[in-house]
There are 2 protein chains.
Amino acid sequence: MVEAILDAAARILEEGGIGALGTNAVAQRAGVSIGSLYQYFASRDSILAELIRIDHARLLAELQQAAAKAGGRSLAESVRLLVEVGVSHQLERPELARALDYVEPTLSLDDETVAIERAINGIVLTLLKASVPSLRGRALEVAAADVAALSHGMIDAAGRRGETDRRALVERVSRAVTGYLSPVD
Amino acid sequence: MVEAILDAAARILEEGGIGALGTNAVAQRAGVSIGSLYQYFASRDSILAELIRIDHARLLAELQQAAAKAGGRSLAESVRLLVEVGVSHQLERPELARALDYVEPTLSLDDETVAIERAINGIVLTLLKASVPSLRGRALEVAAADVAALSHGMIDAAGRRGETDRRALVERVSRAVTGYLSPVD
DNA sequence: GTCTATACGCGGATAGAC
DNA sequence: GTCTATCCGCGTATAGAC
């Protein structure tokens, strides 16, 4: 039931954007009544918050796997592994990812989601710390934010253009990241 | 009058996001009645479209100036000049820029706005064509889209974090762009 | 637990007075 | 041309039957 509602909400989001996500639409799409929906979700926003939590949790798990695999390898290889995760995650459902990205800052997220986001940021920080020792303190944090933002920007734009060649995209994003980092080193 | 309405709409957008932009709110903020508003704008969306048109026209004008100034200089210097324009444009009113960015794809824009966007893209294409001769055809277009997207991603994220040091940001974005392009050359 | 029916408010848009 | 008043539809959320 909860599953059906979240699934319906995700589909509506990627087809019509945030403006199309109404409780009536979700209930109808999920094949349940509006009354039943409100037994499992307190509000429309709580549906969105749950979608975000699940999405981020999946991303974190994939990143942790990739980070474990990257342990000890070169910066270029490590970057590639993490970028692969980001690309796959975003290109799987580009419209959905984009809609969630937009709405996320406007929502009050629960503690668990906040913790997940901190953990994701931590993975990038750890990688940079290990691979680019000259980066420390605030410069390290800025660099982590920058590589995340430039990767995300490129991947999101590629998704909007309908790009489907993940290999090529991974290649270009990895190049941008290492290019950004190399003069620092 | 038109001016007052657009100004009010812009302020509401940057304070409350797209969800707060209602015709009633705009009219009240502008100090005019809802009836008068509808004499100058056919719908809520037409207000948004006009905001976007004006914003893009200003950006284009600034980019054209920068491109003229960049003529003949090195790739690094040319990139820096254009990035400076992008950073200044976005950091002037970060929330507004972000809201317009999001809503833009969902609107049906008039021909003039479309032409402006093509012209903006053309400036980047021209720069890359002149500075990186090895880029041609589709690879050139992809590279232009990539540098625009990675710049925009970094600048937008910096704006969201409240970063105000434009020099430092210009420096980092320029580094990312040239880093992305250098292995191609 | 799930349904139908409905209350409630809000936002877009219009009518008509001045 | 600008105003006030209002219509209308939609979306959230709830009440109450089954």
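Below, chains carry the letters A, B, ... as their sequence lines are ordered, and counting in each starts from 1. These numbers come from the heavy atoms of this one structure, side chains and all, not from hydrogens, waters or symmetry mates.
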Trace of the salt bridge (Lys or Arg N to Asp or Glu O under 4.0 Å) decision for B/Glu62 with B/Arg58 | CA-CA 6 Å; B/Glu62 291 166 0; B/Arg58 261 192 44 213; 3.8 Å; yes
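- D/dG11 atom P lies 13 Å from atom CD1 of A/Ile18, rounded to whole Å.
- Among the protein residues, B/Tyr40 comes within range of the sugar-phosphate backbone only, with heavy atoms under 4.0 Å from sugar or phosphate atoms but none that close to a base.
- When the shell of 6.0 Å around CD of B/Gln28 is examined, it contains 12 or fewer heavy atoms from other residues, nucleotides or ligands.
- Summarising the geometry, the separation between CD on B/Gln39 and C1' on C/dT14 is reported as 12 Å, rounded to the nearest angstrom.
- Put simply, CD1 on B/Ile47 is 13 Å from C1' on C/dG11, counting in whole angstrom units.
- For A/Ile34 and A/Gly19, each mapped to the nucleotide of DNA chain D holding its nearest heavy atom, the one lying further toward the 5' end belongs to A/Gly19.
- A/Gly22 comes within 4.0 angstrom of the backbone, heavy atoms only, and of no base.
- Between C/dG1 and A/Ser36, no contact under 4.0 Å exists linking OP1 or OP2 to a side-chain N or O.
- Straight-line distance from the CZ atom of A/Phe41 to the P atom of D/dG11: 20 Å, rounded to whole Å.
- To the nearest angstrom, P of C/dG9 lies 20 Å from CZ of A/Arg44.
- Put simply, B/Thr23 has a side-chain N or O that comes within less than 4.0 Å of OP1 or OP2 on C/dG12.
- Of the options B/His89, B/Glu112, B/Glu104, a side chain to side chain donor-acceptor pair (under 3.5 Å) to B/His56 is made by B/Glu104 and by none of the others.
- No engagement by A/Leu37 is indicated, since no non-hydrogen atom pair under 4.0 Å with the nucleic acid exists.
- The separation between A/Gln28 atom CD and D/dA13 atom P is 18 Å, rounded to whole Å.
- Applying the 4.0 Å criterion to OP1 and OP2 of C/dT2, one finds that A/Ser33 has every side-chain N and O outside that range.
- Salt bridge status for B/Arg53 with B/Glu50: present, with a side-chain N to carboxylate O gap under 4.0 Å.
- Distance, A/Asp45 CG to D/dT12 P: 10 Å, rounded to whole Å.
- Checking the phosphate oxygens (OP1, OP2) of C/dT2, no side-chain nitrogen or oxygen of A/Tyr38 falls inside 4.0 Å.
- Environment of CG in B/Asp111: sparse, with no more than 12 heavy atoms of neighbouring residues, nucleotides or ligands closer than 6.0 Å.
- If you check C/dT14, C/dT2, C/dG11 against the side chain of B/Asn24, the one that comes closest is C/dG11.
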